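I have placed the structure first, in the form of structure tokens, so that the comments after it can refer back to it.
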Amino acid sequence: MTSLKWWQTAVFYQIYPRSFADGNDDGIGDFKGITKKLDYLVRLGVDALWLSPHFPSPNWDCGYDISDYCNVAPEYGTLDDFKHFLSEARKRNLRVILDLVLNHTSDEHPWFLESKSSRDNPKADWYVWVDTPPNNWQSCFDGEAWTYVPERKQYYYHYFMKQQPDLNWHNPEVKQAMWDAVRFWLDLGVDGYRLDAIGTIFEDPNLTPHSVPMNLAELRRFSELAKTDEEKKLKDQYWADMFKNQWGQPGIHELMKELRTILDEYEGDRMLVGEDDNIDYIGNGKDELHLVFNFPLMRTEQITPEHIRKNQQERLTQLDKLPVRGWPCNTLGNHDCSRIYTRFGDKLHDAELARLNAALVLTLKGTPFLYNGEEIGMTDYMLTDILQVKDTMGSWYYHTIVTEMGVHPEEALFRTAEMTRDKNRTPMHWSNKPNAGFSPEGVVTWLPINPNYREGINVFEQEQNPSSILNYYKHLLKVRKASPALVEGEYVALQEKEQDYAAFLRRAEKQTVLVILNYTEKRLDLDFSDAKDVKGKNLHTVFTSAVRSPADHTAQKLTVAPFEVFIAEVTP
Ligand code: NOJ
């Protein structure tokens, strides 16, 4: 196990600082809060933390619009609070990576304020300026991608909101300034970065227009109303076509190489994980990013055995082809998408499916990323009032479809509640006390608390309950840590035609385990006596989500309970 790097063996846990823990009772999460919960994270059994942006920000995009890269947002505390948090994390052997937003800054960042002030200031060329909008490009969040600035009588480009102007990465001074910020946190001792939206850093130099016969709001609306297969296919095509000239353009690999060189100057195996599924960002395996997310695993309406196998087959084959074999990185949820519990539930067996999917991420080959709250089975929360919406891409959409398309406000609210990322960013449930123990009673939290914290979806109650999902996660994390096969073993799919269950081996030098995930409510009688590496061997149970006798099983006759997760060591 020792030949692997820490970021290959670690389980990462994403903290969304605004919603994790409120240490000063103002309704907003902060570093005091996070620091107090470090022992909880140790008990849970994770090894590394990814913090979504904690930098000063006007919060048009919940921290992803940064106005100072070398500081802490006042609502989260001070730089000293951060340092204290980091040293407390260290004491507990928890690694910490930060979010690095390279593509854009806030429009309130001093760089942009200076850049927009005139056409000839020292930072005039730090952003992407044009005299007139050269094409029909859209921002993926709020309409036109070109916004006018009267001071310069020019337009600037923004892939995201207009409050998030794109930096001009062709300018060496921009690089220098950003690399300084990168070093600032590495010098403080952070273990690396999750790289935000790297695909958007460069644009098509020919500024080729998109060919979709609609604008962003119309496309969103079209997508919502698409019913037939043909319409659904068309909508996917339109989404791809609309942004293809604003994504994945030449220049990124060189930039990632530069960034990697900086990280490699530091001791301690600092790492980079890209918010992208493109394996090309791993470069030759040594010169760009350490990891990219296996997003295709979660980009599906339903997790099925077939989907899992196809995903693994494609992904692992691609990674294996790299000059230095790439390492996988699996996740099913984050702050940008519907929560696992809701998204991959079927409304009848949500609890069972949530457990299966947790087991999936924790038993596939690769580094798992969990999203805060998923370990207690937090669900999406549908906002009921447009004034509650904090995700401005949601409020922009609401107002656009109501005012420009005449959509009834009630329907618009429903659509907005469904599409906004607020639904999966509500504060963490720490107990069954008012405000879910996130903030004291009476405090107005930054987003409403999901009332289902009273129904057992909270840390305090689940810690006492041996059969809670929280204890299930803890148990599974322990089993994973103790098993060389689960940490480093090769993935070998078994019985690849089966629709009801996914079965695979994780095969390491010292150990082989068999993992079975039964995605149905059927009791299954399975026979692995013909399976390579299992033939003639015994199965020694190391984990099961069902009630079964601890006795060993034979590969020949293995009964698996409905929705069971069964993990067994293959023994002679
Ligand atoms: C990806 C982040 O995950 C998302 O939350 C953010 O809105 C965009 N990038 C823009 O930074």
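Start at 1 and go down the list; that is how both ligands and their atoms are numbered. It should be emphasised that the depicted structure is a prediction, and the values quoted were computed from it without experimental measurement.
- Ring orientation note: the planes of Phe55 and Tyr69 are tilted relative to one another, at an angle of 30° to 60°.
- Each of the following atoms of ligand 1 lies closer than 4.0 Å to a heavy atom of Arg194: 2 (C), 3 (O).
- Put simply, part of Arg421 is less than 4.0 Å from ligand 1, judged by heavy atoms.
- Among all non-hydrogen protein atoms, the one lying nearest atom 6 (C) of ligand 1 is Asp61 OD2, 3.3 Å.
- Proximity of the aromatic rings of Phe293 and Phe369 is defined here by a centroid distance below 6.0 angstrom, and this criterion is met.
- Classification of the Tyr371-His335 ring pair by plane angle, with boundaries at 30° and 60°, yields tilted.
- Salt-bridge check for Arg425 with Asp336: passed, with a basic side-chain N closer than 4.0 Å to an acidic carboxylate O.
- Interface atoms of ligand 1 facing His104, defined by a heavy-atom separation under 4.0 Å, are 10 (C), 11 (O).
- Annotation for Lys32: atom NZ does not count as buried by contact number, only 12 or fewer foreign heavy atoms lying within 6.0 Å.
- Counting only heavy atoms of the protein, atom 3 (O) of ligand 1 lies nearest to Asp336 OD2, 2.4 Å.
- Remark: Gln302 CD is loosely packed, at most 12 non-hydrogen atoms of other residues, nucleotides or ligands lying under 6.0 Å away.
- For ligand 1, the atoms closer than 4.0 angstrom to any heavy atom of Phe160 are 8 (C), 10 (C).
- With respect to Glu173 and Lys123, no salt bridge is recorded, no charged nitrogen being found less than 4.0 Å from a carboxylate O.
- Taking the ring centre of Trp327 as origin, the terminal cationic atom of Lys5 falls outside the region bounded by 6.0 Å and 45° from the ring axis.
- Close contacts of ligand 1 with Phe141, meaning ligand atoms under 4.0 Å from a residue heavy atom, involve 7 (O).
- Of all the atoms in ligand 1, the ones that sit under 4.0 Å from a non-hydrogen atom of Glu275 are 1 (C), 3 (O).
- Considering only non-hydrogen protein atoms, atom 2 (C) of ligand 1 sits nearest to Asp196 OD1, 3.1 Å.
- Contact analysis puts Arg425 in contact with ligand 1, with a non-hydrogen atom separation below 4.0 angstrom.
- At a heavy-atom distance under 4.0 Å, no atom of Met161 approaches ligand 1.
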